Amino acid sequence: MRKTLKVGIAGFGTIGKVVGLALDKGMPGLELVAIASGNPDKAKAAMAGLSQPVPVVSAKELAGLADVIVECAPTAAFMDIAEPALCQGRTLVTVSGAAILQHPEVVELAKRHGAQILLATGALLGLDAVRAAAKGTIHSVTMVTRKPPTSLTKAKFIVENNIQLLGLEEPLRVFKGSAREGAEKFPSNVNVAASLGLAGLGAEQTQLEIWADPGKTRNTHTIKVDADSASFEMTIENVPTVENPGTGRITALSVLAALESLTAALRVGS
Ligand SMILES: NC(=O)C1=CN([C@@H]2O[C@H](COP(=O)(O)OP(=O)(O)OC[C@H]3O[C@@H](n4cnc5c(N)ncnc54)[C@H](OP(=O)(O)O)[C@@H]3O)[C@@H](O)[C@H]2O)C=CC1
Ligand SMILES: O=C([O-])CC(=O)C(=O)O
């Protein structure tokens, strides 16, 4: 029998609450032990739906209590959560690809302390195929993201440049460049582009376009890969969450699938 893994959630918002509820209902081999969040009182109130509420602690305390830390906080909080977890040799499950690009030193930190960072596929698809293709030679990787304007209004670049997206009648391209630059300008909106870069050609060599598209009701990502082993093009159309339209519903489910693979006797997909 494998030992039950103690799980801590850092960030109890749109993604964190879905993960918390699923753990509370029961996931084999996994036990929710504590959470860390921005505002502890808000987090305690948000736990009302759990049958077994857990303590709200600091990110540092969480690293001492849990074997697995699920990080689903804003990009700016990433290091406060990742550093103590990795220094204690924990498994860090995250969807913050943009934060990993900003702080590549976390990989060295994980190596040094025998920890592991598991960047879940999140709101994207096909990272298994991209990783496999990267074992051969990839010629090019491109990604086109189209989101309803309401999913982009809170994006850093849009706010800082005072770009008016509400009332758009035609699609507007708000970014074209590398996945690295896109992830810097839209850290909470194209984590998936950062993850695609990390899986394949690297974030500098991965080309990205972001469109605010009034004709879309879903957050849509199309990736196109040309490699010596295969060519493929895939599109995912994510249903935006009500709480945070920039975050697709599938993101939290991807985190659950990643957690499941930590204890499952059969893992499907690389
Ligand atoms: N790869 C992917 O596919 C995707 C990745 N993401 C990433 O996941 C992150 C979370 O997304 P989402 O759940 O929608 O975001 P939310 O804004 O809904 O939730 C974030 C939560 O983090 C909490 N928080 C704030 N500061 C800290 C801190 N210092 N330590 C711990 N928790 C903190 C917030 O608390 P409070 O409200 O009290 O401040 C809030 O509860 C995003 O920032 C984004 O980077 C999101 C979507 C897709
Ligand atoms: O990439 C992200 O961070 C979020 C996203 O696009 C989505 O939910 O579709």
Side-chain angles (χ1 to χ4, degrees), residues 8-22 34-47 49 55-63 66 69-85 92-103 117-127 143 145 147 150-156 179 182-199 203 208 210 218-221 223 236-258:
I9 300 175
F12 206 56
T14 312
I15 298 171
K17 278 189 268 186
V18 175
V19 174
L21 207 56
I35 67 163
S37 201
N39 174 336
D41 290 334
K42 205 166 135 191
K44 278 181 200 147
M47 245 189 295
V56 179
V57 299
S58 69
K60 214 169 165 185
E61 288 168 318
L62 195 67
I69 317 293
V70 179
E71 184 280 318
C72 39
T75 317
F78 178 77
M79 278 313 271
D80 291 345
I81 298 159
E83 197 168 18
L92 184 76
V93 176
T94 179
V95 281
S96 298
I100 293 178
L101 285 189
Q102 276 175 28
H103 301 284
I117 305 167
L118 204 168
L119 178 57
T121 306
L124 197 58
L125 79 178
L127 292 187
M143 174 166 154
T145 291
K147 292 196 177 193
T150 45
S151 291
L152 285 166
T153 46
K154 288 195 210 147
K156 184 170 164 257
E184 272 164 24
K185 292 186 166 156
F186 295 80
S188 306
N189 267 277
V190 287
N191 280 287
V192 282
S195 304
L196 180 63
L198 288 163
L208 172 68
I210 307 174
R218 294 187 174 197
N219 298 328
T220 305
H221 306 291
I223 67 172
I236 188 164
E237 298 186 345
N238 293 320
V239 178
T241 55
V242 175
E243 304 87 333
N244 186 0
T247 292
R249 264 200 222 167
I250 201 165
T251 315
L253 305 186
S254 162
V255 172
L256 294 181

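For clarity, every value in this text was computed on a predicted model and none was experimentally measured. One-based numbering, in listed order, for ligands and for the atoms of each.
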- Message: One residue to check: Ile15. Relative to ligand 1, which of side chain, backbone, both or neither has a non-hydrogen atom less than 4.0 Å away?
- Response: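 Near ligand 1, Ile15 shows its backbone as well as its side chain.
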- Task: Please work out whether any backbone atom (N, CA, C, O) or any side-chain heavy atom from C-beta onward of Thr251 is under 4.0 Å from ligand 1, and answer side chain, backbone, both or neither.
- Result: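 Side chain only.
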Using a 4.0 Å cut-off to any heavy atom of [X], which atoms of ligand 1 qualify?
{"X": "Ala123", "value": "2 (C), 3 (O)"}
{"X": "Asn39", "value": "38 (O)"}
{"X": "Phe12", "value": "21 (C), 41 (O)"}
{"X": "Gly122", "value": "3 (O)"}
{"X": "Asn244", "value": "12 (P), 14 (O), 15 (O), 18 (O)"}

- Message: Under 3.5 Å, is there a donor on one side chain and an acceptor on the other for Asn219 and Ser151?
- Response: yes
- Item | Modelled atom types, side-chain donor and acceptor of Gln102 and Thr75, under 3.5 Å | no
- Applying the side chain to side chain contact (heavy atoms under 4.5 Å, CB included) test to Lys147, which of Thr220, Thr153, Asn189 qualifies?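 One option only clears the test, and that one is Asn189.
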Taking [atom] as the point of reference, which of [options] owns the nearest heavy atom?
{"atom": "atom 26 (N) of ligand 1", "options": "Ala59, Ala120, Gly38, Ala252", "value": "Gly38"}
{"atom": "atom 23 (C) of ligand 1", "options": "Pro245, Ala76, Ser37, Ser96", "value": "Ser37"}
{"atom": "atom 19 (O) of ligand 1", "options": "Gly13, Pro74, Ala73", "value": "Gly13"}
{"atom": "atom 45 (O) of ligand 1", "options": "Ile250, Asn191, Asn189", "value": "Asn191"}

Taking the side chain from [X] and the backbone from [Y], do they hold a donor-acceptor pair closer than 3.5 Å?
{"X": "Ser254", "Y": "Ile250", "result": "no"}
{"X": "Ser96", "Y": "Ala99", "result": "no"}
{"X": "Ser37", "Y": "Gly11", "result": "no"}
{"X": "Asn39", "Y": "Asp41", "result": "yes"}
{"X": "Lys42", "Y": "Gly13", "result": "no"}
{"X": "Asn244", "Y": "Thr14", "result": "no"}

Should [X] be counted as touching ligand 1, given the test is an N or O pair under 3.5 Å?
{"X": "Val95", "result": "yes"}
{"X": "Asp80", "result": "no"}
{"X": "Thr121", "result": "no"}
{"X": "Thr247", "result": "yes"}

- Task: Report yes or no: does Lys42 have a heavy atom closer than 4.0 Å to ligand 1?
- Result: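 Yes, Lys42 has heavy atoms under 4.0 Å from ligand 1.
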- Message: I need the full list of salt bridge (charged side-chain N to carboxylate O under 4.0 Å, His left out) pairs touching residues 74-84, with sequence neighbours left out, sorted by first then second residue.
- Response: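 Every pair satisfying salt bridge (charged side-chain N to carboxylate O under 4.0 Å, His left out) with a residue in residues 74-84: there are none.
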